[in-house]
Amino acid sequence: MLISPLAARLCAARGIDPATLRGSGPRGRIMAADVQRNAPKRRGGTILADFSTPPTREPKDGYYIYDDEVNMSALVDISMPIAVQCEKLLTNRYSLFDYIVRAVVKACATCPSWQEPSGKVDVLLFEHKGEKITAIEDAGRKSIYQLARCAAAPTPAPELFNPHIIVCDAHTTRDMVAARLTSGNRPGFAMLARGKTEKDGIRAGGDIGYKNTLSYTFYVATTLPQQEANRIAAALRALLYNPIRLLLLS
């Protein structure tokens with residue numbers, strides 16, 4: 001029986017026998033989502049009833065830490081019409097990174113207590129081993145199309161730019177991030193996409209051998225109560241499993 005380390009931990013924590021689960025990963029591997037599907041669902045909704053995801057590690061450097069992995073197959077399944085539309089508008093497809101950024105922004109916005117009165121959410125992106133750095137101002141009010149346009153034409157961070165959220169690819173280092181922050185202010189949230197998952201575009205209809213599993217680490221500043229941080233982490237996971245919701249502005 002194949003099972004991911006995170007799925008094994010969730011089974012142990014919830015007293016679930018992995019043998020009773022059907023794996024959705026490669027070669028039938030049991031993923032964290034397969035464990036979550038075993039939970040009852042909210043009446044009238046599609047989001048799993050478990051709205052709280054505990055940290056997977058002890059807090060460090062002022063952050064709660066959540067390691068997770070999701071199967072992005074649902075995104076591949078809907079990619080054909082989206083790819084066609086996007087190629088007409090952007091001459092390119094939405095990348096996996098665009099969806100990740102959108103998911104992080106929407107998840108963090110589910111907890112308004114940390115936001116400024118203006119509601120503005122600024123994001124800093126690190127891609128291609130830190131060689132491509134993009135500042136996106138007021139990202140919460142941008143559609144995924146607008147976010148994709150920003151990422152396609154990187155905008156240098158303006159002076160004194162203090163992002164609320166940082167999203168990084170697997171090769172971004174702490175030093176790269178620290179060098180771009182000003183006034184010593186730390187962002188409230190950070191997401192590190194791990195592994196070798198391709199980010200150059202979701203293949204329409206999927207490709208043979210294409211890896212649909214996204215592993216990531218999500219950081220939430222300990223200035224927030226842990227209960228709120230747990231809910232944001234759960235919202236992020238739910239959004240990554242529901243890509244249609246990422247196409248909606250509201």
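From a predicted model like this one, the values you see are computed outputs, not experimental measurements.
The structure places CD1 of Ile232 at 4.0 Å from SG of Cys111, a figure rounded to the nearest 0.5 Å. A distance of 6.0 Å separates CG of Leu21 from CD1 of Ile16, quoted to the nearest 0.5 Å. In this structure, Arg29 CZ and Glu69 CD are separated by 5.5 Å, a value rounded to the nearest 0.5 Å. One distance of note links CD1 of Ile65 with CZ of Phe218; it measures 12.0 Å at 0.5 Å rounding. Rounding to the nearest 0.5 Å gives a distance of 10.5 Å between CD1 of Ile3 and CZ of Arg9. Once rounded to the nearest 0.5 Å, the distance linking CZ of Phe189 with OH of Tyr64 reads 11.5 Å.
Using a distance-only test at 3.5 Å, with no hydrogens or angles considered, no donor-acceptor pair links the side chain of Glu228 to the main chain of Pro225. Side-chain atoms of Thr222 come within 3.5 Å of backbone N or O of Gly62 as a donor-acceptor pair. Proximity of a side-chain donor or acceptor of Asp138 to a complementary backbone N or O of Lys120 within less than 3.5 Å is not detected. Checked by atom type and distance alone, the side chain of Lys142 pairs as donor or acceptor with a backbone atom of Glu137 at under 3.5 Å. Distance alone, capped at 3.5 Å, places no donor-acceptor pair between the Trp114 side chain and the Ala109 backbone.
Checked by atom type, the side-chain pair Glu116/His164 shows a donor-acceptor distance below 3.5 Å. Between Glu127 and Thr134, the side chains place no donor N or O within less than 3.5 Å of an acceptor N or O (distance only, hydrogens not considered). For the residue pair Asp169 and Thr172, a side-chain donor N or O sits within less than 3.5 Å of a side-chain acceptor on the partner.
No more than 12 heavy-atom neighbours from other residues, nucleotides or ligands sit within 6.0 angstrom of NZ on Lys60. Around the CZ atom of Arg57, the shell of radius 6.0 Å holds more than 12 heavy atoms that belong to other residues, nucleotides or ligands.
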Stepwise, does the side chain to side chain contact (heavy atoms under 4.5 Å, CB included) test hold for Val177 with Phe126? CA-CA 8 Å; Val177 174; Phe126 289 80; 4.1 Å; yes

Evaluate the side chain to side chain contact (heavy atoms under 4.5 Å, CB included) criterion for residues Asp17 and Thr20: first the C-alpha distance (whole Å), next the side-chain angles of each, then the deciding distance (0.1 Å), finally the verdict. CA-CA 6 Å; Asp17 181 1; Thr20 64; 3.9 Å; yes

Between Met191 and Ile166, is a side chain to side chain contact (heavy atoms under 4.5 Å, CB included) present by the stated rule, with each step listed? CA-CA 6 Å; Met191 200 256 207; Ile166 285 183; over 6 Å; no

Could you walk me through whether Tyr216 and Leu236 pass the side chain to side chain contact (heavy atoms under 4.5 Å, CB included) test, one step at a time? CA-CA 11 Å; Tyr216 65 88; Leu236 174 59; 3.8 Å; yes

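Follow the hydrophobic side-chain contacts under 4.5 Å out from Ile165 and you reach Leu240 in the same cluster.
Counting only heavy atoms from C-beta outward, the side chains of Cys108 and Val121 never approach each other to under 4.5 Å. Thr53 places a side-chain heavy atom less than 4.5 Å from the side chain of Tyr66.
Checking Thr173, Leu192, Ile133 one by one against Cys168, the side-chain contact (heavy atoms from CB on, under 4.5 Å) holds for a single residue, Leu192.
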